[in-house]
Amino acid sequence: MSAQQHNLRNVGIFAHVDAGKTTTTEQMLYLSGHIRSLGSVDTGTTQTDWLDVERERGISVRAAVTRLTWKETPINLVDTPGHVDFLSEVERSLRVMDGAVLIISAVEGVQAQTEIIWQALRDLKIPTLIYVNKMDRIGADPLAVLGQIHRLFSPQAVPIMAPDGAEASFSGAVSVVDETAAAQAEWAEAYRRKLLESVAEQDEAVLEAYLDGQSISREQLEAALVDGAHRCALFPVLFGASGRSIGVEAVLDAIVAYLPGPAGSEDGAVSGVIFKMERDPVMGKIAYVRLYDGVLRNRDVVLNYSHDVQDKVTQIRRVNGQKTEDIGVLKAGDIAAVYGWSRARIGDIIGSPEGVPGEMRLAVPLLTVQVHWPNAAEYPAVVNAFQELADEDPLLDLQWLQDERELHLKVMGPIQMEVLTSILLSRFKLSVSFGAPSVIYKETPASAGEGYVAYLMPKPCWAILRFVIEPGERGSGLVYKSVVRGERLLESYQNEVARRVPEALQQGLRAWEVTDLSVTLVEGEHHVWHTHPLDFVIATPMGIMNGLASVGTKLLEPMLRFRLSVPEEYGGKIMNELVVMRGEFDAPTLRQERMEIEGLLPVATTLDFPARLGAMTKGRGTLTTFFAGYRECPPDVDVVRQRRGVNPLDEAKYILAMRNALSG
């Protein structure tokens, strides 16, 4: 399969909330002639924030796709949310990008969300530009921010511009790639030197010229920068103030110059991924597709690989903010909205999985909440609305307890709950509220042992299974295998058991998901006459629960890695607080009259910590947290969850419930 670089850019715009991401996108659309007048985040008139809640709150909650052309190069821009509660949108967008622009505020510097995204961009090897925005704001300090970028991101972040002034005196930036332009401003010399030193480390020809004191031409530097940026060995840094339209043209130039176009061939088999879902009141589901190979046309019937179904394309449209145009064809390397796929979900692979890159897991919902509605008659409408939202964000992991008429979902944090409430009201005209969030715990086997089931009554049925259950390493999830021979237990029955084991582990002895274990099917038996294929659907959870009851389970709790920065005078008070919260931390470091503390905290003790930190430090403390995995709870912590459905340990009641469900 031949791969070619297309004259096209697929670029994600990423940042921490309030670093100026949506304003920068709006300026790009305006400067490229794509929109005639500038919108404003403050007045709710931007192109890419078009949900009611986005306009009211001035934050992005959904990734927005828009298209512009700059210097004859078409660019698909994806403006992503900056708030940590909407990290799942960022995660899905990362998968379809060939390049990224990471925006950092010149005042706040590197923030929590930016660090998480930076790490993901590095893991996925996505070429990245860094744009230091808000240079005109009080407190803007370009050299301090550049130092922070080198310390927390990479020393290979290279300034290709030098800012002229800062705060009120900021008047723009000059290129330091061009020796002549840089020589005209003595304040640009330090930035030019940093650029040359970093490029010289990556390019031998530049190194020789630099060491010999020879002049290095713009062309030579440009070529080395392009090569380094494409290899993720160099990360060009730019400076500007998007609110005043300073520096945005340079960012557009840099996107075209330093970020690669997509590879892929129109001659190959169709290969793509759905990274965003929306719903149109008239047209139904809209699937946003990044196509890696092949060509999709209106009326094509294509395989949805994830569900193994064929679906027909009714329309392909190019999306520009809220406007769409019918383009009828989607070619390798490009992004478009596809209509007509009623069964599509986010993350589905279209056609062949060969060319599709893997997923990057950033968002791990650590809280669960129950949905409440004021009127019993609205129950069906609320269920339908949340099922639709779960199609658009599968991480909500909607749990609908039909017998109890309850809805539970997983969330990232309080802002997401506020936004969901707002979307339910504006889009579905439904008023809902949420119960207090509770932490999502997990269980893991306490020791090794066996689970056994002989499902022989009431006839007709016959299914015998024996599992060996063993604890696994932390973070290993479930490892399942079978060592039973096909003549003892038919392959089709073994496949059914393999499918049902993960489902059976969704609720352990305390009704939390069971993880970090290996399950081996060591014995299995069917009966030539009495066995029905569904017998193993019923038997598997009984065998697994029998095993868990015999080995016992330990409770696991989610942990956060944290970095705290507080004025020195509050350090002692904060460290006492961390100890009370069961925190573990290294010796604090002092940096410019501020104390920095790093360590681990349980999620359970931190739910109200950000608010308390603000009160304890008069708003001068900053907290950065990252999910750090699950680990064993102390013995005095034991949290039992309400079980959904009948417990398979109550075999008679469970068999009756399952038989009714399967026959119904």
Side-chain angles (χ1 to χ4, degrees), residues 13-21 23-24 27-28 82 100-115 117-118 121 128-179 181-199 221 225 228-229 234-255 257-258 565 591-594 596 622 624:
I13 309 286
F14 302 97
H16 188 91
V17 69
D18 283 343
K21 188 170 33 57
T23 303
T24 303
Q27 286 283 359
M28 289 176 173
V101 176
L102 187 56
I103 302 179
I104 293 172
S105 161
V107 182
E108 285 83 9
V110 174
Q111 291 167 282
Q113 180 92 330
T114 352
E115 278 194 75
I117 293 163
W118 174 264
L121 290 167
T128 306
L129 303 175
I130 298 169
Y131 172 51
V132 180
N133 186 25
K134 301 194 173 183
M135 281 294 301
D136 56 336
R137 296 275 293 277
I138 292 169
D141 188 340
L143 281 171
V145 172
L146 195 57
Q148 206 182 21
I149 290 168
H150 289 153
R151 185 163 57 88
L152 297 173
F153 287 179
S154 166
Q156 296 313 120
V158 292
I160 58 170
M161 306 172 80
D164 186 355
E167 301 183 335
S169 67
F170 177 67
S171 60
V174 298
S175 166
V176 290
V177 180
D178 186 334
E179 192 174 13
Q184 289 169 353
E186 74 279 0
W187 40 267
E189 192 183 318
Y191 292 90
R192 167 89 177 170
R193 191 166 58 249
K194 172 63 190 159
L195 167 68
L196 292 174
E197 286 169 0
S198 297
V199 173
L221 256 186
L225 272 169
L234 294 171
F235 308 100
V237 181
L238 302 94
F239 298 87
S242 297
R244 286 170 50 201
S245 196
I246 301 174
V248 181
E249 280 193 33
V251 174
L252 282 165
D253 286 343
I255 286 171
Y258 302 121
S565 172
R591 192 174 272 119
Q592 293 161 345
E593 296 179 7
R594 287 181 75 84
E596 292 192 359
T622 61
T624 306

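Note that this is a predicted model, so its numbers are computed, not measured.
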Legend entry - Side chain proximity check, F170 to I246, heavy atoms < 4.5 angstrom: yes
Inset, instruction - Using a 4.5 Å cut-off on heavy atoms from C-beta on, say whether the side chain of I255 contacts that of M28. - result: yes
Inset, instruction - Give a yes or no answer on whether the side chain of T114 reaches the backbone of V110 with a donor-acceptor pair at less than 3.5 Å. - result: no
Inset, instruction - Look up atom NZ in K134 and atom OG in S105, then write down how far apart they are to the nearest 0.5 Å. - result: 5.5 Å
Legend entry - Nearest heavy atoms of Y131 and F239, plus distance in Å: CE1-C, 3.8 Å
Legend entry - Criterion side chain to side chain contact (heavy atoms under 4.5 Å, CB included) on D253 and Y258, from CA distance to verdict: CA-CA 8 Å; D253 286 343; Y258 302 121; over 6 Å; no
Inset, instruction - Check T23, T24, D136 against S242 for a side chain to side chain donor-acceptor pair (under 3.5 Å) and give me the one that passes. - result: T24
Inset, instruction - Measure the CE-CG distance between M135 and D164 for me, rounded to the nearest 0.5 Å. - result: 9.5 Å
Inset, instruction - Go through N133 and I104 one step at a time and tell me if the side chain to side chain contact (heavy atoms under 4.5 Å, CB included) criterion holds. - result: CA-CA 6 Å; N133 186 25; I104 293 172; over 6 Å; no
Inset, instruction - Determine the minimum heavy-atom distance between R192 and L221, stating which atoms define it. - result: NH1-CD1, 3.6 Å
Legend entry - G243 to Q27 - nearest heavy-atom pair and separation: O-NE2, 4.1 Å
Inset, instruction - To the nearest 0.5 angstrom, please state how far the CG atom of L195 sits from the CD1 atom of I160. - result: 8.0 Å
Legend entry - Spacing of CG belonging to L102 relative to CD1 belonging to I117, to within rounding of 0.5 Å: 6.5 Å
Inset, instruction - Go through the steps for I130 and V101 under the test side chain to side chain contact (heavy atoms under 4.5 Å, CB included), then give the verdict. - result: CA-CA 6 Å; I130 298 169; V101 176; over 6 Å; no
Inset, instruction - Might you confirm whether atom CZ of R594 has over 12 heavy atoms from other residues, nucleotides or ligands at distances under 6.0 Å? - result: yes
Inset, instruction - Heavy atoms only: give me the nearest A15-I103 pair and the separation to one decimal. - result: CB-O, 3.3 Å
Legend entry - Verdict with reasoning, W118 to T128, per side chain to side chain contact (heavy atoms under 4.5 Å, CB included): CA-CA 9 Å; W118 174 264; T128 306; 4.1 Å; yes
Inset, instruction - Could you tell me which non-hydrogen atom of P163 sits nearest to which non-hydrogen atom of A173, and how far apart they are? - result: CA-CB, 3.9 Å
Inset, instruction - Could you tell me which non-hydrogen atom of G165 sits nearest to which non-hydrogen atom of S169, and how far apart they are? - result: CA-OG, 3.8 Å
Taking only distance into account, with no hydrogens and no angle test, what donor-acceptor pairs under 3.5 Å do side-chain atoms of residues 151-159 form with protein atoms, sequence neighbours excluded?
from	atom 1	to	atom 2	distance (Å)
S154	OG	Q156	N	2.9

